[in-house]
Amino acid sequence: MRLSIYRYDPDKDAKPYMREYDVPLEPTDQMLLDALVRVKTLDDSIAFRRSCREGVCGSDAMNINGKNGLACITKIADLKEPVVLRPLPGLPVIRDLIVDMTQFFKQYHSIKPYLINETPPPEGERLQTPEEREELNGLYECILCACCSTSCPSFWWNPDKFVGPAGLLQAYRFIADSRDQATSERLDDLEDPYRLFRCHSIMNCVDVCPKGLNPTRAIGKIKEIMLKRTV
Amino acid sequence: MVAKRIVVGAHYGLRDWMMQRVTGAIVAVYTVFLLAVLVMQPTLDFITWRSVFTHTWMRVPTFVCLLAIYFHAWVGVRDVLMDYVKHTTLRLCLMVIVVVALVAYTVWTVQILWSL
Amino acid sequence: MAFAVRKFDAVIVGAGGSGMRAALQLAEADLKVAVLSKVFPTRSHTVAAQGGVAASLGNNGEDNWHWHMFDTVKGSDYLGDQDAIEFMCRKANEVVYELEHYGMPFDRTPEGRIYQRPFGGQTRNYGEGPVARSCAAADRTGHAMLHALYQRNVRARAHFFVEWMALDLIRNAEGDVVGVTAMEMETGEVVIFHAKAVLFATGGAGRIFSASTNAFINTGDGLGITARAGIPLEDMEFWQFHPTGVAGAGVLITEGVRGEGGYLLNKNGERFMERYAPTVKDLASRDVVSRAMATEIKEGRGAGKDGEYILLKLDHLGADVINKRLPGIREIALKFANVDCAKDPIPVVPTVHYQMGGIPTNYHGQVVVPKDGNMETIVPGLYAVGECACVSVHGANRLGTNSLLDLLVFGKSAGEQVIRDLNADPGLKDLPPDAGEFTRARLARLDDQTNGESVSQVGADMRRTLQLHCGVFRFPDLLVEGVAKIKEIAARAVHTEIKDKSKVFNTARIEALELENLIEVARSTMVCAEARKESRGAHDRSDFPDRDDKNWMRHSLWYKEGDRLEYRPVKLKPLTVAPFEPKARVY
Ligand SMILES: Cc1cc2nc3c(=O)[nH]c(=O)nc-3n(C[C@H](O)[C@H](O)[C@H](O)COP(=O)(O)OP(=O)(O)OC[C@H]3O[C@@H](n4cnc5c(N)ncnc54)[C@H](O)[C@@H]3O)c2cc1C
Ligand code: SF4
Ligand code: SF4
Ligand code: FES
């Protein structure tokens, strides 16, 4: 299998370059991550993150043939060769396929990603109907892989100010939770030309989410709720 | 290194976003209206075109529509400036230029419409 | 060159479910805590847990902690310590409710309560029939739990050191633990974390086998580090084989599938578990089901071209139930087995999943070792929780969904114990003069090595050895051979060479260091397995097919130094209730 991989080690390279690899695969190598692990046995200097190898941890997001995705659930058979691998766009590269996610997580943290409910908790669970719980489907499953935010032009231009699709999806996850009491504060915080309204519904985020989530829809819902409380 | 503080919370995003939708709708409605008016005219030459705009029922909607376009343009251009012009003073200057231009257009629009 | 020193009240190594539960306890007590993790916290392997977390809430039918305790003791094949098991089962409801209050999106019953499903080995009224005890968020319970815990920690302002890898323990002359060395992966810089308490929560080490449901990062670092520091590892021969790993890929299919009504078939379409466990059938405990499957395959009734796997049928549940309760499973089956499980059965094989053994602790999370005749002398300053610890609540076989519970209960109790200990003795003990020297030497060796073997080669040999010599069924000759082989591989592992010498995010160096930890785990596993002359729980020997309560109701303790073994009796006395006496185990 032929791969062309973005290489850059600030310790020794003056600037990034693309390097071609030809790897013989074993029959068990089904996913792109298997191929990368195979490449690493030939050249141990190639750096990428990985952990769960089943698409639940969000470690191995990268730009695969021009589109962001997770290497561990991208089938080799579905890829056009040579497969061109680059780090996620829009974030600073630390080394090879590893990007600095600080900005991404900062935006996630900025939306107060935790349940806020100041009433004393009951002895048992806080009740929630199955219908209310259903509202969280399509939101809580986010694995914070950053495929979406790093494919969003608005995030490229304003990574410091625009929350980005991943953060906004989580903002809505808490707004939508019947147990959360801070909806007004959450809306206040997003009522800003940069934080929320940089989104121009370009939908790149929906297109790449490996978990099939829909940040654009969540963003639309936030706007809708904001509108409702204004008029 | 101390991380740069980002100050947010300008509290006007929703208003502008709503304005984009409302002005968009106005332009769409006006377009339909204008087409209907033109279709109802017996002939379509410069004379009829001109005379249509002498009626108040035509002038007011036209004015409202152009106004909507200016507001729409303001938000759109400002968004672009926010994305690409990172220097605050420069951005403010450009924004002022855009505002001045749009106000000038408005005055000009009144002049043209009511001088026909 | 001396390493930089940073001072903390406590250092937690690991930000999975257990580490973060402990961190929360300490952060909310306003202690100065550093939480180290090799990966961003929500990428820890707890995220992969699917089926649920056990607690006898009784939301779907009557239940109580006595039944839960009985099932856990029986499931452990009577090797679990009954004091710790009682402690865990009694605390279960409390910690699960807390988790719900943190925002965990549990599925709900029509009454709005936490949804519970049946799981293997969990029974009503001391074994009468299945009970719904696993609190679930679809088939993404671990994901939902890990994120909820992380979120709560963000709120409590816990201090995370993300992508820092702990390397070695620092003990003073008295043997007290006073800190750890750790490397920032992004820069390669090593720092000494000087602390009053060090808590390990580094998770499992399933990566010692070739086929495993575990993540790449599950390399048993906490175990390797403690073993190198002269502390024994407990019950390392007990490895759980999960009955349903996707054939070939190893990715897990939750037992929740069978909890929701799925079942196993051999190539003749026979529901063979009816023969092996007439009462609870497919919901027998994991060691029993895995052995049944391995037997079917061995006797030529496996499905597939070479009769190499078993079929897991769930299409009869209907697409609606599958989409609602098992959406992740449908995704995994499509991706990794190329089948739509709403139409066709999934090919599965028993796959290594969970390590019952680990760093020996009591139920307060304190690490305990034999010393001067006392089998449970506390090592001051050292704590361990989660999969890397052996409390031992899981004994010779863990019940499904008891692990997530273990993380919560013991994460919390260890956190509380650290607070108590810090209040009693607030002083920071001095670092020994040679602190960090061991780490420096190890790193220097790796950097200077020439003509060494590649990490991937040695790693592959280790995994193959364990897979072949220490599987579902174990044979005396293979065990003896395996011990010799693994010792030889361990000798090679300290001469590995990496080509990449960069300081920046050097994953080759990280993998080499991980291998040194894996090797300790692999070695302890082989040695303990060879030594235990009986069959109990997950440890099944052809030459000693029966459980031997007279000689083997005891925990193995393996020391790295000379591969020495010691044994500690099982604690049969619970805290308040009458003991459960060992009985033959039928399901
Ligand atoms: C696929 C799968 C499904 C499962 N499903 C269930 C289930 O449904 N119910 C159930 O009860 N159990 C289940 N289990 C078992 C359970 O998930 C695990 O036992 C449990 O999550 C382990 O949690 P932990 O906190 O001990 O460790 P982990 O979650 O593995 O976390 C380990 C942490 O330690 C860190 N770490 C490791 N080494 C170092 C180092 N050297 N330096 C710094 N940090 C380090 C890692 O970065 C990570 O943060 C499942 C296991 C698997 C593999
Ligand atoms: S829809 Fe919004 S968030 Fe998504 S890519 Fe487009 S601009 Fe970004
Ligand atoms: S929304 Fe999807 S793409 Fe974005 S971070 Fe979450 S899982 Fe990744
Ligand atoms: S390795 Fe976890 S998502 Fe790919």
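Keep in mind that the numbers below use all heavy atoms, side chains included, and drop hydrogens, waters and symmetry copies. In what follows, every chain begins at residue 1, and chains take the letters A, B, ... in the order their sequences are listed.
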Would you mind checking which part of B:Asp79 comes under 4.5 Å of any heavy atom in chain A, side chain (CB onward), backbone (N, CA, C, O), both or neither?
both

Does atom [atom1] of [X] have more than 12 heavy-atom neighbours, drawn from other residues, nucleotides or ligands, at distances under 6.0 Å?
{"X": "A:Phe105", "atom1": "CZ", "value": "yes"}
{"X": "A:Lys211", "atom1": "NZ", "value": "yes"}
{"X": "A:Arg86", "atom1": "CZ", "value": "no"}
{"X": "B:Met58", "atom1": "CE", "value": "yes"}

Chain A contacts: which residues in residues 84-95 of chain B have a non-hydrogen atom closer than 4.5 Å to it?
B:Tyr84, B:Lys86, B:Arg91

Which atom pair, heavy atoms only, marks the closest approach of B:Met82 to A:Pro193?
CE-CB, 3.8 Å

I need the minimum non-hydrogen distance between A:Thr230 and B:Leu14, along with the two atoms involved.
OG1-CD2, 3.0 Å

Most contacts with chain B, counted as non-hydrogen pairs under 4.5 angstrom, among A:Lys161, A:Met226, A:Arg198:
A:Arg198

So for A:Leu196, is it side chain, backbone, both, or neither that comes closer than 4.5 Å to the heavy atoms of chain B?
neither

Which residues in residues 4-14 of chain A have any heavy atom lying under 4.5 Å from a heavy atom of chain B?
none

Would you compute the distance between atom CG of A:Asp189 and atom NE2 of B:His11 and round it to the nearest 0.5 angstrom?
8.0 Å

Atom CE of B:Met18 and atom CZ of A:Phe197: how far apart are they, to the nearest 0.5 Å?
9.5 Å

